[in-house]
Amino acid sequence: MEIEPTRDMPPQYDPAATEQRWYRAWLERGLFQSEPDPSKEPFCIVLPPPNVTGALHIGHALGHTLMDSLTRRARMQGFEALWLPGTDHAGIATQVVVERELAREGVDRREMGREAFLERVWQWKEQYGDRIVVQMQGLGNSCDWDRLRFTMDEGLSRAVRVAFVRMYDDGLIYRGERIINWCPKDRTALSDSEVEHEEVDGELVTFRYALSDGSGFVDVATTRVETMLGDTGIAVHPSDERYSALVGKTVTHPFDGRELPIVADDAVDPSFATGAVKVTPAHDPNDFEIAERTGLPRLNILNADATVADTAPEEFRGLDRYEARARVAERLRALGWVVEEERPYRHSVGHCYRCHSEIEPWLSGKQWFVAVERLKGPAIEASEDGRIRFHPPRWQNAYLEWLRGLRDWNISRQLWWGHRIPVWYCPNGHEFAATEDPTECRECGTADLEQDPDVLDTWFSSQLWPYSTLGWPEETPDLDFFYPTTVLVTGYEILYLWVARMIMSGLYLVGDVPFRNVLIHGLVRDAAGRKMSKSLGNVIDPLDMIGQYGADALRFALARMAGPEQQNLPLSKEGIEAARNFANKIWNASRQVFGSYRAGGGAPELPAGEERTLSERWLLSRHQACLQEVDSALDGYRFDEAAQTLHRFFWSELCDWGLEAEKQRRSNGSPDERHRASLVLAWVLERTLRLLHPVMPFVTEEVWQRFGAGDSIMVAPWPEGHDEHVDAEAEAAFGFVRDLVTNVRQIRGIVGGGEFRLVVADGLAAELEPLREAVERLSGATLSPIVDTEPEGRFVRLSVRGREARLQVPDGFDPGPALAARRKRLEETRSKLEGSEWKLAKDDFVARAAPEAVDKERRKREDLTAEAAVLVDQIALLESLSGSP
RNA sequence: GGGCGCGUAGCUCAGCGGGAGAGCGCUCGCCUCACACGCGAGAGGUCGAUGGUUCAAAUCCAUCCGCGCCCACCA
């Protein structure tokens with residue numbers, strides 16, 4: 001009887017018709033929601049909040065796939081699993097986007113004023129801020145959307161103010177006048193972590209200052225000649241004999257006649273260039289410090305937009321910094337004071353991580369800083385004593401080194417969009433921080449208060465994310481239950497910017513680490529290993545891919561690459577296509593099972609052990625191995641291994657052998673018999689679907705529902721181990737069958753007409769009898785016990801795992817291909833055998849190698865010898881069949 | 001200038017002390033009653049180079065070559 005095609009399952013899986021339906025169902029049933037439940041263990045991941053301005057890119061897709069897989073598995077394992085989503089207000093990024101929009105309307109934000117501008121940004125946020133949320137849902141993310149947070153929510157804003165005030169009152173936040181990283185395009189200060197250093201081709205210009213007393217010159221070198229307009233001194237190393245006589249003298253500035261003292265300072269490297277440094281305290285961090293120590297004055301010669309300020313000689317005023325660079329060089333040349341040709345010079349220059357402009361070290365009045373000295377220690381300890389574990393562990397060193405070298409963090413930004421610094425000033429010179437808007441000065445009672453105009457670095461609010469989203473500073477049940485969170489999943493690019501700061505602030509403000517594990521995943525690249533970028537045109541858009549191949553396919557393609565050691569994850573359309581094919585395979589294998597299995601009656605149950613066939617016992621045993629490998633892989637965040645194990649088991653074992661072995665049995669007999677013959681397969685399929693669900697949520701749910709085994713696979717329990725299914729005997733016995741079949745297939749080569757007959761000894765024939773149909777179907781040869789007389793001339797001898805069989809071939813059989821393959825294999829076998837014999841003949845090996853190694857080598861020699869003999873035999877027989885010598 | 005990582009089949013990578021592996025691609029044959037998004041059978045590698053340790057090295061050590069990344073206030 002034929003297997004009836006399952007009526008409601010078309011031959012191709014259609015993700016588009018499936019995914020949204022299930023996502024809505026999950027949402028409606030509230031399956032993503034999580035509340036503290038003392039009867040369960042907590043599991044919590046906070047989503048690294050994407051920028052509200054952002055669209056879902058492939059990097060998000062990777063991180064989200066990993067987080068969703070972890071969360072879904074934890075949920076199935078019985079944890080109270082919370083994946084907490086949210087978005088980041090992303091100070092500069094968002095402000096720039098809205099400014100650009102305004103520019104198209106011909107409006108400058110400064111014209112509209114702070115309040116109107118902020119209103120406009122909020123409007124923008126209301127309109128577009130949810131876009132990325134919708135995109136995340138398309139990926140299948142099982143976030144608790146009822147808890148969606150935004151870094152500028154009322155609650156989180158309060159958390160920011162409370163954190164600031166607490167640190168301010170504790171002396172950890174201070175205001176100071178120090179040189180900072182200034183982005184002239186965004187017109188704001190940046191922290192050190194927001195500056196990206198890049199090698200740039202520039203020029204090293206060496207020029208001279210004349211000594212004021214006319215006794216000579218001092219030569220200095222610089223890559224930014226324009227800064228000489230702000231020079232206030234010359235520094236040399238104290239023990240540099242070339243210059244020791246000059247210390248204390250002055251040089252005269254060529255353009256404005258200022259006298260610049262020559263000072264001595266240890267920071268000068270006598271071996272670099274001329275050994276004398278022009279000191280520009282307002283435009284170089286080193287020079288700033290030299291000036292601090294030696295008392296040189298500061299002279300700021302740049303405006304906020306990096307044009308030359310009025311403090312410089314008139315002829316340079318208003319010039320852009322690059323124009324000024326050229327003009328100053330030109331004027332020096334005109335003076336004959338450029339002593340060397342300007343030399344091409346490759347050096348490292350800081351760039352803004354947002355707009356990529358060159359950063360200008362600048363002295364821009366007072367800025368707010370976080371003093372990191374007291375925060376570092378606990379953060380270092382937490383990692384060293386294992387309270388936080390990095391995956392892969394090598395990131396711990398990077399983290400520790402960064403912390404040890406960390407300097408105070410500039411947190412004030414000269415922007416409007418963001419958390420305004422909660423500090424107020426009164427005309428009497430008082431300054432204080434408050435969590436709520438004050439009405440009068442705390443010290444003198446005056447109502448004439450002015451709030452600091454700056455806002456906080458975006459990362460100041462995101463560093464609070466793991467606990468502010470759980471209700472901090474209130475002592476909420478959420479915070480109590482879910483904090484510290486389980487694992488933070490992120491790329492390495494924000495390890496310092498974000499991860500390290502969460503750890504420092506969490507320890508300081510909450511008193512415990514924010515997460516127990518940090519999973520640093522690699523970077524998705526194109527198939528050629530290049531970074532994806534718009535300019536290269538090699539960007540893979542996750543939304544496109546979901547549309548074309550389905551979310552499951554994209555997720556599987558990403559997960560199969562993502563191990564903690566994998567730094568580069570090359571993704572290609574072909575890879576996603578292969579994953580799509582896998583989803584289709586799952587679908588079709590299920591169709592096949594449901595062709596005989598009577599679905600709908602709940603989770604499949606296994607028949608009693610003695611009723612199981614050999615291939616069923618084999619499949620159950622292999623399934624246990626699969627389960628174990630998947631568990632251990634996922635416990636170690638080795639998604640690549642888990643995905644590959646599932647792929648191999650499902651495709652190469654379950655489908656290629658488990659499903660095929662008893663096709664006949666499942667298509668013969670009464671519906672009842674066919675159902676019984678499908679029980680083991682259905683059982684294994686149902687469980688394998690559960691193992692696949694965290695990575696491929698949609699297709700697994702769509703198929704799993706047909707079992708009628710529960711509300712949703714999302715809340716079905718994670719499969720438990722069944723040690724009693726591990727069956728070495730069945731694995732060996734069925735392994736023999738597989739080898740036998742493969743041997744026949746190899747000899748048979750091309751499926752031609754005529755009858756192939758597999759002739760075996762009586763004992764083996766009896767053993768294979770229960771598998772007769774499977775063997776015949778899979779090998780394409782009929783099985784028969786040995787007959788009294790030798791089979792007629794046309795046969796090939798087989799030896800499988802030391803057991804003999806003969807394959808009788810039909811008249812028209814062309815032994816050519818098989819013959820060629822066997823000859824090649826014989827050659828290989830002989831060369832291996834030679835190697836093995838040489839090894840065993842060597843006294844050193846037998847005497848010094850481990851006894852097991854020698855035994856193994858002896859067995860290997862025997863196997864190879866036998867194999868070679870069989871091959872010689874086969875070749876002779878095949879030759880006689882073809883009539884060639 | 002420090003630190004980390006990588007060079008294995010055409011491509012992307014696994015293996016990390018004892019018989020060279022996977023996926024994709026390629027070749028050949030098959031529309032075999034779940035799936036051509038499929039089935040079966042194959043081809044393809046001096047494991048970057050040199051030297052060392054070892055009975056034994058893709059695997060450990062050293063040096064070199066090539067590539068990538070992170071950190072850094074050398075004008």
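Letters A, B, ... are given to chains in the order of the sequence lines, protein chains preceding strands, and every chain is numbered from 1. In this text the structure is predicted, and so the values were computed from the model without any measurement.
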How would you label the contact of [X] with the nucleic acid (heavy atoms, under 4.0 Å): base, sugar-phosphate, or nothing?
X: A:Y345; value: sugar-phosphate
X: A:A821; value: nothing
X: A:D656; value: sugar-phosphate
X: A:L864; value: base
X: A:K832; value: sugar-phosphate

*asked:* Using the salt bridge (charged side-chain N to carboxylate O under 4.0 Å, His left out) criterion, which residues pair with A:D265? Sequence neighbours excluded.
replied: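 Per chain and number, A:D265 pairs via salt bridge (charged side-chain N to carboxylate O under 4.0 Å, His left out) with A:R293.
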
Taking any strand in view, what nucleotide pairs with [N] in a Watson-Crick or G-U wobble way, both distances under 3.5 Å?
N: B:A58; result: none
N: B:G21; result: B:C13
N: B:A41; result: B:U27

Which listed nucleotide ([options]) is nearest to the side chain of [X]?
X: A:P11; options: B:C35, B:A41, B:A75; value: B:C35
X: A:Q12; options: B:C35, B:C55, B:C37; value: B:C37
X: A:N588; options: B:A34, B:A75, B:G19; value: B:A34
X: A:K585; options: B:G18, B:G19, B:G38; value: B:G38
X: A:F845; options: B:G18, B:A75, B:C4; value: B:G18
X: A:K842; options: B:A56, B:G18, B:G19; value: B:A56

[X] [atom1] - [N] [atom2] separation (whole Å):
X: A:L659; N: B:A34; atom1: CG; atom2: C1'; answer: 7 Å
X: A:K573; N: B:C37; atom1: NZ; atom2: P; answer: 15 Å
X: A:H347; N: B:A75; atom1: NE2; atom2: P; answer: 7 Å
X: A:F650; N: B:C37; atom1: CZ; atom2: C1'; answer: 14 Å
X: A:N584; N: B:A34; atom1: CG; atom2: P; answer: 14 Å
X: A:E641; N: B:C13; atom1: CD; atom2: P; answer: 18 Å
X: A:R777; N: B:G40; atom1: CZ; atom2: P; answer: 11 Å

Can you see if the side chain of [X] gets near the phosphate of [N] - specifically, an N or O under 4.0 Å from OP1 or OP2?
X: A:R591; N: B:A34; value: no
X: A:K663; N: B:C35; value: no
X: A:K824; N: B:G44; value: yes
X: A:Q567; N: B:C6; value: no

*In whole angstrom, give me the gap between the C1' atoms of B:A14 and B:C24.*
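About 14 Å, rounded to a whole number of Å.
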
*asked:* List the residues meeting ring-ring contact (aromatic ring centres under 6.0 Å, His included) with A:Y492, not counting sequence neighbours, and say none if there are none.
replied: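 Here the qualifying residues are A:W395.
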
Say whether, by atom type as modelled, one donor and one acceptor occur between the side chain of [X] and the main chain of [Y] under 3.5 angstrom.
X: A:R404; Y: A:I380; value: no
X: A:W587; Y: A:D14; value: no
X: A:S667; Y: A:Q664; value: yes

*For the residue pair A:Y209 and A:V220, establish whether any side-chain heavy-atom pair is separated by less than 4.5 Å.*
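Answer yes - side chains close enough.
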
*asked:* Measuring only between side-chain heavy atoms, which start at C-beta, is A:R648 closer than 4.5 Å to A:E653?
replied: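 Of all side-chain heavy-atom pairs linking A:E653 with A:R648, at least one is under 4.5 Å.
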
*N/O donor-acceptor pair, side chain A:R580 with base B:C37, under 3.5 angstrom*: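 Yes.
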
*Decide yes or no, distance alone: a donor-acceptor N/O pair under 3.5 angstrom between the base of B:A34 and the side-chain of A:E660.*
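By the distance-only test, yes, there is a pair.
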
_Selection residues 843-864 of chain A - residue pairs positive for side chain to side chain donor-acceptor pair (under 3.5 Å), sequence neighbours left out_ =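 The answer is A:S836-A:E857, A:E857-A:K860.
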
*Between A:F582 and A:T223, name the one whose nearest nucleotide on RNA chain B is closer to the 5' end.*
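Checking each residue's closest nucleotide, the 5'-ward one belongs to A:F582.
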
*asked:* Reading RNA chain B from 5' onward, which residue's closest nucleotide shows up sooner: A:D844 or A:R861?
replied: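 Nearest-nucleotide comparison on RNA chain B picks A:R861.
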
*Just how far is it from atom OG1 of A:T227 to atom CG of A:D284, taken to the nearest 0.5 Å?*
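So the gap between those two atoms works out to 7.5 Å.
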
*Candidate pair A:R777 and A:E660, rule salt bridge (Lys or Arg N to Asp or Glu O under 4.0 Å), full reasoning*: CA-CA 8 Å; A:R777 186 190 148 77; A:E660 294 294 338; 3.0 Å; yes

Please produce a list of atom pairs where a protein N or O lies less than 3.5 Å from an N or O of nucleotides 70-73 of chain B.
from  : atom 1 : to     : atom 2 : distance (Å)
B:C73 : OP1    : A:R407 : NH2    : 3.3
B:C73 : O2'    : A:N286 : ND2    : 2.7
B:C73 : O2     : A:N286 : OD1    : 2.2
B:C73 : O2     : A:N286 : ND2    : 2.8

*Is it the case that A:R666 and A:Q592 place a side-chain donor and acceptor less than 3.5 Å from each other?*
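Yes - a donor-acceptor pair under 3.5 Å links their side chains.
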
*Reading 5' to 3' through nucleotides 22-27 of chain B, protein heavy-atom contacts under 4.0 Å coded B for base, S for sugar-phosphate only, - for none*: ------

*Selection residues 545-564 of chain A - residue pairs positive for salt bridge (charged side-chain N to carboxylate O under 4.0 Å, His left out), sequence neighbours left out*: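 Residue pairs with at least one partner in residues 545-564 of chain A: A:D68-A:R555.
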
